[in-house]
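Inspection log for the structure reproduced underneath, given as structure tokens.
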Number of protein chains: 2
Amino acid sequence: MRLLVVEDEVRLARALQKGLRSEGFAVDISHDGASGLESARVGNYDAIVLDVMLPRLSGYEVVRTLRRERNWVPVLLLSAKDGEYDEADGLDVGADDYLTKPFSYVVLVARLRALLRRGAPERPAVLVAGDLVLDPAAKQVARGDATISLTAREFSLLEYLMRRAGEVVSRLDLLEHVWDSYGVSEANVVEVYVGYLRRKIDTPFGRAAVTTVRGVGYRLETDGG
Amino acid sequence: MRLLVVEDEVRLARALQKGLRSEGFAVDISHDGASGLESARVGNYDAIVLDVMLPRLSGYEVVRTLRRERNWVPVLLLSAKDGEYDEADGLDVGADDYLTKPFSYVVLVARLRALLRRGAPERPAVLVAGDLVLDPAAKQVARGDATISLTAREFSLLEYLMRRAGEVVSRLDLLEHVWDSYGVSEANVVEVYVGYLRRKIDTPFGRAAVTTVRGVGYRLETDGG
DNA sequence: CGCGGCTCTCAAGCTGCTCTCAGCATGCCT
DNA sequence: AGGCATGCTGAGAGCAGCTTGAGAGCCGCG
């Protein structure tokens, strides 16, 4: 089992390396966010232990970036703060587990083992379809390198379509899940909003992620069109 | 994403509804166990937030009943007690996650997101006949590597034929099952549509998946022709 | 209080799907 | 082979369903 430990505090990093090695892990160390990200990309690790407070690039940024790049290596976050916000943020951002400093070494090893057992999570925290990426927590959408700004309604619509990517989703289904008021709305809200969405995520890129299936509904292509 | 919140404390329920709506969820409320169960049954929710201490029917009972009815909607339990027994009970009973009151709103949202992420419903199987593949959920058809675009009627026709692959299906049978209106249609709709279908799934590939059985009907070859 | 942005309604216009009809091709029986 | 029955196909009318633009109401913000 090959681990990467990203931790700027040198003594703690050393201690972890030594301890984990004695548990039988192969352990590499990075001391800042940027080099940690770089190592994570190329290193083919079985798991990563990642401090949140890091120079150059925070642990959050590192996980988020990895997940954007569809790298689902198990990540265990370490944070000095113990606010609830941190935990939530970390998990939202795509980490798999979380420990607050000061942590017990034994607990760390136990959690790591659990992570490795579980393997990479089958479902990432961000939704991906081809070059379309939607981050529910950050409320952000990107196509390729371009960040796309959506209104709340447009975002919900795209999120639901992406969660059911590949399937045809009916208008009624959308009314029920994206608009609270199922049956209340008589008019063609759904059509209108699909139109808005296409103008933002399809037209500028000359590709169609959202397909109309006449008489049935709409389908988001799993390959992003 | 459509959520049901079952919580008897009116102010908390309101607050949750407001907050979750601002996150982009569609939120319904029930104030007791019995009506919550009823809503859960018919509401087609993506997830349910369920208080344990409820009038008329406890949260435990609600989950237990749902699971008995083979309803696997993701459920997050909320409890005022914080003994470990509760958690175990809740999870035993079939809940997917658990929070103790007082809980952090941010954590609730993060856990909900995790639940929704996990709750990917697996798609129903596709129909296969030789190199012909039909996906009812995606409303898509492929022959070998080529994706074929069919109209709604053509799709229904092929789907019915594929479900009865190998059998000879009569015109009357098709009128009844593919065209709602059995007997209404006097003309040769079926022939016409079989024609359309062949032009799309047979002619371009130089093979005949649909065979005419004179005086009887049509048969879809199990080996795709 | 005015402004801008978001949500939703409405109506007009267009696309392309569905079905009919008529004529042609093919198969079957004597 | 001839003649009848059955199935196939091309053309086109009608229309349901989708798209789009314009604009009204509403809310939050300065």
Side-chain angles (χ1 to χ4, degrees), chain A residues 139 141 148-161 168-204 208-220, chain B residues 18-19 21-26 139 141 148-161 168-204 208-220:
Chain A
K139 296 262 175 269
V141 176
I148 297 172
S149 136
L150 299 182
T151 71
R153 193 65 86 196
E154 291 161 2
F155 189 90
S156 302
L157 173 59
L158 181 57
E159 181 179 358
Y160 191 73
L161 287 174
V168 176
V169 184
S170 75
R171 249 155 287 270
L172 251 60
D173 214 328
L174 289 170
L175 275 178
E176 202 171 335
H177 287 90
V178 177
W179 283 260
D180 251 347
S181 44
Y182 152 69
V184 168
S185 188
E186 300 289 322
N188 58 341
V189 216
V190 177
E191 282 92 332
V192 172
Y193 270 83
V194 168
Y196 293 162
L197 209 50
R198 293 213 248 234
R199 249 174 261 178
K200 291 187 177 179
I201 68 169
D202 283 348
T203 316
V210 183
T211 311
T212 304
V213 181
R214 240 178 187 255
V216 189
Y218 298 94
R219 180 182 56 230
L220 192 120
Chain B
K18 204 173 156 198
R21 275 196 178 145
S22 78
E23 301 278 338
F25 296 106
K139 295 270 176 249
V141 176
I148 297 172
S149 137
L150 299 182
T151 72
R153 191 68 82 195
E154 291 161 2
F155 190 91
S156 305
L157 174 58
L158 180 58
E159 182 177 358
Y160 190 73
L161 288 174
V168 177
V169 184
S170 75
R171 245 157 290 267
L172 252 57
D173 212 330
L174 288 170
L175 274 178
E176 202 172 336
H177 288 92
V178 177
W179 283 259
D180 268 352
S181 47
Y182 152 71
V184 167
S185 188
E186 301 288 323
N188 59 340
V189 216
V190 178
E191 281 96 331
V192 172
Y193 269 84
V194 168
Y196 292 161
L197 209 50
R198 294 214 249 235
R199 248 175 265 177
K200 291 188 176 178
I201 68 170
D202 283 348
T203 316
V210 183
T211 312
T212 305
V213 181
R214 246 187 178 245
V216 190
Y218 299 93
R219 180 182 55 232
L220 191 120

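Just so we're clear, the structure is a prediction, and the values are computed from it rather than from any experiment.
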Next item on the list: Quick one: closest heavy-atom pair of Asp202(B) and Ala209(B), and the distance?
Entry: OD1-N, 2.8 Å
Next item on the list: Show your working on side-chain contact (heavy atoms from CB on, under 4.5 Å) between Arg198(A) and Thr212(A) and close with a plain yes or no.
Entry: CA-CA 11 Å; Arg198(A) 293 213 248 234; Thr212(A) 304; 2.9 Å; yes
Notebook entry, point to check: Taking CZ from Arg153(B) and P from dT20(C), how many angstroms apart are they, rounded to a whole number?
Noted result: 10 Å
Checklist line | Partner of Val192(A) by side chain to side chain contact (heavy atoms under 4.5 Å, CB included), out of Val190(A), Val194(A), Val189(A), Asn188(A) | finding: Asn188(A)
Next item on the list: Can you measure from CG (Leu150(A)) to CD1 (Ile201(A)) and round to the nearest 0.5 angstrom?
Entry: 7.5 Å
Check: What distance separates His177(A) NE2 from Leu161(A) CG, expressed to the nearest 0.5 Å?
Finding: 12.0 Å
Note to self: With rounding to the nearest 0.5 angstrom, report the NZ to CD distance, Lys139(B) to Glu159(B).
What the structure shows: 5.5 Å
Give me, pair by pair, the N or O atoms of the protein and of nucleotides 25-30 of chain C that are less than 3.5 Å apart, along with how far apart they are.
unit_1  : atom_1 : unit_2    : atom_2 : d
dT26(C) : O2     : Arg214(B) : NH2    : 3.1

Next item on the list: Please tell me which of the listed nucleotides, dT7(C), dT9(C), dC19(C), lies nearest to the side chain of Tyr193(B)?
Entry: dC19(C)
Check: Separation of Leu157(A) atom CG from dC8(C) atom P, in whole Å?
Finding: 11 Å
Margin query: Can you measure Trp179(A) atom CH2 to dT9(C) atom P for me and round it to whole angstrom units?
Written below: 10 Å
With 3.5 Å as the limit, what N/O pairs link the protein to nucleotides 20-27 of chain D?
unit_1  : atom_1 : unit_2    : atom_2 : d
dT20(D) : O4     : Asn188(A) : ND2    : 3.0

Checklist line | CG-CZ distance between Leu197(A) and Phe155(A), expressed to the nearest 0.5 angstrom | finding: 11.0 Å
Note to self: Between C1' on dC8(C) and CG on Leu174(A), what's the gap in Å once rounded to a whole number?
What the structure shows: 16 Å
Notebook entry, point to check: Counting only side-chain N and O atoms of Arg171(B), is one of them less than 4.0 Å from OP1 or OP2 of dT6(D)?
Noted result: no
Margin query: Tell me whether the rings of Trp179(A) and Tyr193(A) are parallel (<30°), tilted (30 to 60°) or perpendicular (>60°).
Written below: perpendicular
Notebook entry, point to check: Expressed in angstrom and rounded to an integer, what is the separation of Leu150(B) atom CG from dT18(C) atom C1'?
Noted result: 15 Å
Note to self: Does dG16(C) have its OP1 or OP2 closer than 4.0 Å to a side-chain nitrogen or oxygen of Thr151(B)?
What the structure shows: no
Note to self: Quick one, Tyr196(B) with Thr151(B), criterion side-chain contact (heavy atoms from CB on, under 4.5 Å). Give me CA distance, side-chain angles, the key distance, then yes/no.
What the structure shows: CA-CA 10 Å; Tyr196(B) 292 161; Thr151(B) 72; over 6 Å; no
Check: For dT6(D), does OP1 or OP2 lie under 4.0 Å from any side-chain N or O of Thr212(B)?
Finding: no
